[in-house]
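A short write-up of the structure that comes next.
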Amino acid sequence: MTSLSGGSDNGGSAPEPQSLVCARCGTEARSPQPTWTCSVENGTRRYFCDKCSRENLRAIEGRLDSAWW
């Protein structure tokens, strides 16, 4: 495999870290947090901080959409 001169195989600089916002309370995080919950609702990925996840654990385990909590 060959690359164009002056280029790299990965297309340039590293991607910037994605900023996450809790869909419930608005808390921000600079990168994915291991204690946050990710939910796909109606085809949209939503993230919830650890505090909101703990407060709504029963609803999350019951697979209720966040609109119900």
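Count residues from 1 along the sequence.
With rounding to the nearest 0.5 Å, the separation of CD1 in I60 from SG in C52 is 9.0 Å. A distance of 10.0 Å separates CZ of R54 from OG1 of T37, quoted to the nearest 0.5 Å. Taking SG from C25 and CD from E55, the interatomic distance works out to 8.5 Å, rounded to the nearest 0.5 Å. The distance from atom OG1 of T44 to atom CZ of R46, rounded to the nearest 0.5 Å, is 8.0 Å.
For T27, there are no side-chain hydrogen bond (donor to acceptor under 3.5 Å, both in side chains) partners at least two apart in sequence or on another chain. Every side chain to side chain contact (heavy atoms under 4.5 Å, CB included) that E28 has, sequence neighbours left out, goes to S19, V21.
Applying the ring pair (Phe, Tyr, Trp, His ring centres under 6.0 Å) test to residues at least two apart or on different chains, the pairs with a partner in residues 37-67 are F48-W69.
The two atoms that bring L20 and Q33 nearest to each other are CD1-N, 4.4 Å, heavy atoms only.
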